[in-house]
Structures are given as structure tokens and as C-alpha cells.
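Inspection log for the structure reproduced underneath, given as C-alpha cells.
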Amino acid sequence: MSNRKVRVRFAPSPTGALHMGGVRTALFNYLFAKKHGGDFLLRIEDTDQTRFVEGAEEYIMESLEWCGIKVDEGIREGGAFGPYRQSERREIYKKYADQLIESGHAYYAFDTAEELGALRQKGEENKETFTYNNATRVELNNSLKLTKQEVDAKLNAGESYVIRFKMPVNHEVKMNDIIRGNVNVNTDTLDDKVLFKSDGLPTYHLANIVDDHLMEISHVIRGEEWLPSMPLHVLLYEALGWVDTMPEFAHLPLLLKPTGNGKLSKRDGDKLGFPVFPLFWKAPNGDTASGYREEGYFADAFVNLLALLGWNPGTEQEIFTMEELIAAFSLDRVTKSGSKFDPKKAEWYNHQYMALKTDAEITNLFIVELKEKGIEVEVALVEKVVGMVKERAVFVKDIWEQSSFFFETPTEYDEKVVKKRWKENTPAQMTAIKEVLAGVPNFNAANAKQAVSDYIEKNEWGFGAIMNALRLCIVGAGKGPDLFDIIEMIGQEETVLRIEKAVSVIKK
RNA sequence: GCUCCGUUCGUCUAGCGGUUAGGACGCUAGGUUUUCAUCCUAGUAGCAGGGGUUCGAUUCCCCUACGGAGUACCA
């Protein structure tokens, strides 16, 4: 039973953008599949036409692609078990629903939505919850209560109906979850779920079981929100006679909101102060939500941090490439409890990846930003700057903040620094230093430093005071890498101009 | 309400009867740095509570509390 080929699926419904919890579910499925040399399928569960959202499918695929999660079989890739979109498989499901009716595991129900709504409301008034189950079904408008003639008459008249699962009475369903171990539920606490809707499409429960069976899925790895319906699913496998090939189940802990309570949901959008989506999302109604990609996260950093949310390798390694994740991944090291996402740690991850990436890689990204600002400089020069400042940045967009003074003459001077470093005699000192720098032959960092140092020493000035004031002139603030490196980069002429400008602009 | 799942520093987590309860993020301090940041070092802080079982419980069992999920002709 467990030595067949590993085949897993990620089965989102296209009801909007895929949030990071969904991406993590996809990732765990992918890691598990690749670890075991198996297949990763993408199946679109669009059996609820009313909730279909334009662009969602593309968004899902693009998100997986960005993350480096490669789909082996899916709506775009094709495969031997297609189609992979449930709306295109509608012909398949009815047969199995009928089979369940014939075998006595399911029945027709003619109750209208209004009737059931009324019953639920009445139940609520009596502080009870109406449940369509073995206690109530015999009194309702279905093929269990009605005679065969009555049922046939309704069916022939084209009356709309649903097909419900006939939950066994007082039966203990014993299940096993890879992450949680044994889970037992008594069927009396369950209801007769609708398997087949009046619109001719199956509900999630039926479609899911049928497709997983037909697609030869070996392991169902999904979010914990599905745990309560696992008994129904197991019972369905039994009723359809598929127990031999029933997949193993693993219910992943949920991703929780960092503040307050509840699971992370699509609707959280941008309210949380960090993106909940992998990519920027624009809904058909015009609503937008930010994405990790657009916020400046590296895909590999995003994948890395997601992987360690609810899973850990049992070692102290925290930085993983996808290959390393695949090698290290194991479902029995998945945590049982839900995890809150920490945006600070996410930034730390990105910072780690920033340091890991080559100057050339970062330069390519940074050059795009420079172009947007209308700045065009030699690539070699940009790369040199990037090499100097990248480890100070979390995101590529931070690099500008850390390096703008390489490309532009400061127009403002940080007030705090001015107050602290710009004394009565500073302008005169700066002017003197300017003359020294202007006279340096073979202008470079080492020579400039030598000249300035000698001059400071000769005059018995404080090295710190002069250097800080000089930095203010060159950078406009009290930040940045080695000052002489900056001076070399901007050149002798620009250095002189900046000092002159600072002396004339900064007022004491 | 009912059913199911869960509970170790603020957060992510290691721990699978005997540990000075470990790591990471964050925070604080010190060092490095002519500045800022990086970086390095150190510190900070935790087994939800109560019963058992046991020579011994963070670890096993029960109860309570708290958190989460589900309870649709949505997935």
C-alpha cells in the first residue's frame, strides 16, 4: 500500500489570490514529492462556479513558478491523468454519485435551500444546531423517506435534487494522520454531507475523492482545516471500494495571524503590515494587495522562510536551498500546532540571502532601479558600489538609500549630524582639507587618506572631528562605507565641489 | 453549543522519563567601525494550571483553562 509511486497534488480553488499559507502547502507537497522521486500535480478545484475569480488560476501558477515549485502535471503542463481542472471533469463525477446511491451509501434529497435555511434558523432559536443526519433525515424530503414511486416521479419531473452521503449510525471511524497519529471520530457527530449539487457538479468532498483516486494520489497533504472532513473522506473511499489505494493523509498546521486570533486568510490583504500574498494581486473588482515579490523579497528567501514555518530539520541549519530542503524534508518533522508568522524574521531571511547573492546578481536588480531614477552609470561602477553596501541592506530597494551619495551630490545635510559635527571652525578646516585633496596626485583612496591624515596630524586636529565633518560634506549624513573609498569613487573634482557646496550651504 | 486538533522564552522552534531545558528572530549591553549599518561577543526570557503513573516528569495518562479548526447545494 505504501510502496507505490509517490504522487501528490496541490488543489487550490481559483477564488482569488493564493495566500502564503497556500504556497506553503504547495511547497510541502512539492518537497515531499521530490524527496521521494514522485510527482507533483496541480489540480484546479473550480466546482463552485459562483466563486470563480478571473485571473486566479494564472496567479496560482505564476506564484508557484516564482517560488521554483515545478508542476509535473497540471492544466498548463498536461499529463496522463487529465483534465486537471475539475470543471472539465464534470462528466466523470455523476457516475460515482450514482454508484453510491445504488450501493445504498447515498440518497437523493429534494429539500430546497429555503427549507433547510428555515430549519437551521428554527434550530438556532431553540439554541440547537440543525444537522442533516441520521436523526433528522427520515423526516426530510428525500429518497429515504419517500417511496420509490414518489422519488422517480420527482426525478422524471426534473425536480432539482442533491445527493447526500448516508452517514452510518454510531460507527467509530478509526483514522491515521501522518502528522497527528490516530484520530477517531464517531459518525453520530457527523452530518450527511452533500456530495453532488443541484447544479450538476460535485462538491469538494466527492470531486476530491474521485480525482485523487483516478489520479492515483498516494499522499494527501493539506491544511488542518480539512481534518474535520477526513472521516467523511475515509468513509467515501470505503463506500466506493477504494480502500486498498486510499492515500495517506497529512494535515498541516495552520498559519495564524501574527496579531489577534484566527488563521491567516486571503481577506487579511494588506491589513497586517506585511504581505499575505506571494505576488502583487489585483482583483477583477479593482482591489489590490501587495506581494512578497514586489516588496523586494527574493524567491528563495521566501521559500526558505515558509519551509521553516511548521517544519524544521532537527538541526540548527536555517538557510536552505530548494535542493537542500528536498533532501532534508520529512513529514514527521512537521509541527502539530499552528504558527504565527514573524515579519521581522522574514526580513532577516532576506538579509541573509542578500549577503549570499553575488554582487553581479544584485547589480542587475539594482541597475533597474537606477534607470528608473534616470541614473545611468557603468555597470562595473555600480557593481563596485553594490559590493560595498549590499550587506547593509535587507532589500534591493534599500541599496539606494545606502548608496545614493555615490551617484548624486547631496542636496541636504542631516541636521543631527550638522549639530553634532559642524563647529565654529569647521568651514575653515574643510576648506583647508579641500585644498589638500585638490592637490593629491594620482587621486585614489589610499593617496587621499595619506594626504588628509598627514595634514590633520600636522595641524594637531582631531581625526574623528575632521572625518565626521568631511563625511557630512561628501555624504550629507553620518552613514556609509569607508569615506576614502567613496571619495575615490566620486573622483577628485566631485569631491572638491561637494566640500565647497557644503561649506557654502551648511550654516552655523 | 457540539465535534475534532493543539499548548516549551514575545515569535519560530529543539527536546521523544534523568538536560545547567538548546538554537534562531527580536530586544538590551559591550566590542569592531573616523560615522551609520553590517559583523562579533554576552545578556534577556519559556515547559498554561491541577491531579495522577513513576525512584524520577517538559516528556506518559486524566481533568481544567486557553488557542485553533470545522459545523453550507464554499473549498
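All values reported here derive from a predicted model rather than from experimental measurement. Side chains included, hydrogens not; waters and symmetry mates left out as well; all remaining heavy atoms used. Numbers restart at 1 for each chain; the letters A, B, ... are given by sequence-line order, proteins then strands.
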Give a yes-or-no answer on whether the side chains of A/R180 and A/H251 include a donor-acceptor pair shorter than 3.5 Å.
-> no
Quantified in whole Å, what is the P atom distance between nucleotide B/C16 and nucleotide B/C5?
-> 24 Å
Checking N1-N3 plus N6-O4 or O6-N4 for Watson-Crick, or N1-O2 and O6-N3 for wobble, each under 3.5 Å, the partner of B/A21 is none
Under 3.5 Å on both distances, the Watson-Crick or G-U partner of B/C16 | none
Would you tell me if any nitrogen or oxygen in the side chain of A/N312 comes within less than 4.0 Å of OP1 or OP2 on B/A14?
-> yes
Across the strands shown, which category fits A/D177 at heavy-atom distances under 4.0 angstrom: base, sugar-phosphate, nothing?
-> nothing
Side chain of A/L227 only, please: which of B/G6, B/C4, B/U35 is the nearest?
-> B/C4
If the P atom of B/C74 is compared with that of B/U59, how far apart are they to the nearest Å?
-> 44 Å
If we take the C1' atom in both B/G43 and B/C63, what is their distance in whole Å?
-> 39 Å
Atom-pair distance (CE on A/M388; C1' on B/A37), nearest Å | 15 Å
Taking B/C73, B/C4, B/C25 as options, the one with an atom nearest any side-chain atom of A/V162 is B/C73
Roughly how far apart, to the nearest Å, are B/G50 and B/A57 at atom C1'?
-> 15 Å
Between the base of B/U38 and the side chain of A/R392, is there any donor-acceptor pair under 3.5 Å?
-> no
Looking only at side-chain N and O atoms, does A/R51 come under 4.0 Å of OP1 or OP2 in B/C73?
-> no
Could you tell me which nucleotide pairs with B/A65 by Watson-Crick or G-U wobble geometry, both distances under 3.5 Å, or answer none if nothing does?
-> B/U7
If we call it a pair only when both distances are under 3.5 Å in a Watson-Crick or G-U wobble match, what pairs with B/U71?
-> B/G1
May I have the distance from A/R85 (atom CZ) to B/A75 (atom P), rounded to whole angstrom?
-> 17 Å
Please determine if a side-chain N or O atom of A/R164 lies less than 4.0 Å away from the OP1 or OP2 oxygen of B/C73.
-> yes
Is there a donor and acceptor pair closer than 3.5 Å between the side chain of A/T129 and the base of B/G1?
-> yes
Give a yes/no on whether any side-chain N or O of A/K336 is located under 4.0 angstrom from OP1 or OP2 of B/G68.
-> no
is_close_aromatic(A/W461, A/Y455), centroid dist under 6.0 Å = yes
Do you know the tightest heavy-atom contact between A/Y84 and A/M215?
-> CD2-CE, 3.9 Å
What integer number of Å spans the C1' atoms of B/G10 and B/U28?
-> 14 Å
Does the side chain of A/S339 get closer than 4.0 angstrom to OP1 or OP2 of B/C12 through an N or O atom?
-> no
Please measure how far the C1' atom in B/C25 lies from the corresponding atom in B/U3, and state the result in whole Å.
-> 37 Å
Among B/A75, B/G70, B/G23, find the nucleotide with the atom closest to the side chain of A/T203.
-> B/A75
Looking at A/T315, does any N or O in its side chain come under 4.0 Å of the phosphate oxygens OP1/OP2 on B/A14?
-> no
Should A/K344 be listed as having a side-chain N or O under 4.0 Å from OP1 or OP2 of B/A24?
-> no
Using ring-ring contact (aromatic ring centres under 6.0 Å, His included) as the criterion, list what pairs up with A/Y297, not counting sequence neighbours.
-> A/Y292, A/F395
Test ring pair (Phe, Tyr, Trp, His ring centres under 6.0 Å) applied to A/Y108 and A/Y161, step by step | CA-CA 6 Å; A/Y108 295 106; A/Y161 65 90; 5.1 Å; yes
Counting only Watson-Crick or G-U wobble pairs whose two distances fall under 3.5 Å, which nucleotide matches B/A37?
-> none
So do the side chains of A/M430 and A/I466 get within less than 4.5 Å of each other, counting heavy atoms only?
-> yes
Gap in Å between the two C1' atoms, one belonging to B/G15 and one to B/C9, rounded = 14 Å
Using atom C1' of each nucleotide, how far apart are B/G49 and B/U7 to the nearest Å?
-> 12 Å
Of all heavy-atom pairs linking A/F298 and A/N350, the shortest is N-OD1, 2.9 Å
Can you find a donor-acceptor N/O pair under 3.5 angstrom joining the side chain of A/T189 to the base of B/C2?
-> no
